[in-house]
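Worksheet: the structure to be examined is printed underneath.
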Amino acid sequence: MQAERLTALKNAIAALKPGEFHFPQIYGAGWNELYMGDKVKLGREFMNLVRKGAFPGVEDTGRKRTGGRVYLKSR
């Protein structure tokens, strides 16, 4: 994932209140215009980064709801 996108994601996460969220919520504008394959690729990259601890305070809940993986911001 590009450095600019990582910075944008970190900023979007910082603006969230603690609780559950889906990746498209923090991706921002343009998510709906992406091809399905690109959405899957970006979603998987984000999940792997979360699991590696790249976003402190964010964890993968291991659940999916309404077609998307659920993440949890704890702080």
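Values below: every heavy atom of this structure, side chains too, minus hydrogens, waters and symmetry copies. Numbers for residues simply follow the sequence, beginning at 1.
Side-chain atoms of His22 do not come within 3.5 Å of backbone N or O of Tyr71 as any donor-acceptor pair. Checking side-chain atoms of Lys10 against main-chain N and O of Phe55 turns up no donor-acceptor pair under 3.5 Å.
Looking at every heavy atom in both residues, Val70 comes nearest to Thr61 through O-OG1, 2.7 Å. Minimum interatomic distance between Lys39 and Leu34 (heavy atoms only, all atoms of both residues): CE-O, 3.5 Å. Shortest non-hydrogen contact noted between Arg75 and Pro56 is NH2-CB, 3.6 Å.
Expressed to the nearest 0.5 Å, how far CD of Gln2 lies from CG of Leu9 amounts to 11.5 Å. To the nearest 0.5 Å, atom CG of residue Asn11 and atom CG of residue Leu6 are 11.0 Å apart. Summarising the geometry, atom CE belonging to Met47 is positioned 6.5 Å from atom CG belonging to Asp60; distances are rounded to the nearest 0.5 Å.
Checked against a 6.0 Å centroid threshold, the rings of Tyr27 and Phe46 do not count as neighbours.
In this view, Glu45 satisfies the side chain to side chain donor-acceptor pair (under 3.5 Å) rule with no residue, not counting sequence neighbours.
Hydrophobic clustering of Ile, Leu, Val, Met, Phe, Trp and Tyr side chains at less than 4.5 Å, counting indirect connections, keeps Leu42 apart from Val40. Following chains of ILVMFWY side-chain contacts shorter than 4.5 Å, one cannot reach Leu49 starting from Leu72, and the two form parts of different hydrophobic clusters.
We find that Arg65 and Glu20 are joined by a salt bridge, their nearest charged nitrogen and carboxylate oxygen being less than 4.0 Å apart.
Open room surrounds CZ on Arg44; 12 or fewer heavy atoms of other groups in view lie less than 6.0 Å from it.
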Apply side chain to side chain contact (heavy atoms under 4.5 Å, CB included) to Val58 and Phe21, showing your working.
-> CA-CA 10 Å; Val58 174; Phe21 68 94; 3.8 Å; yes
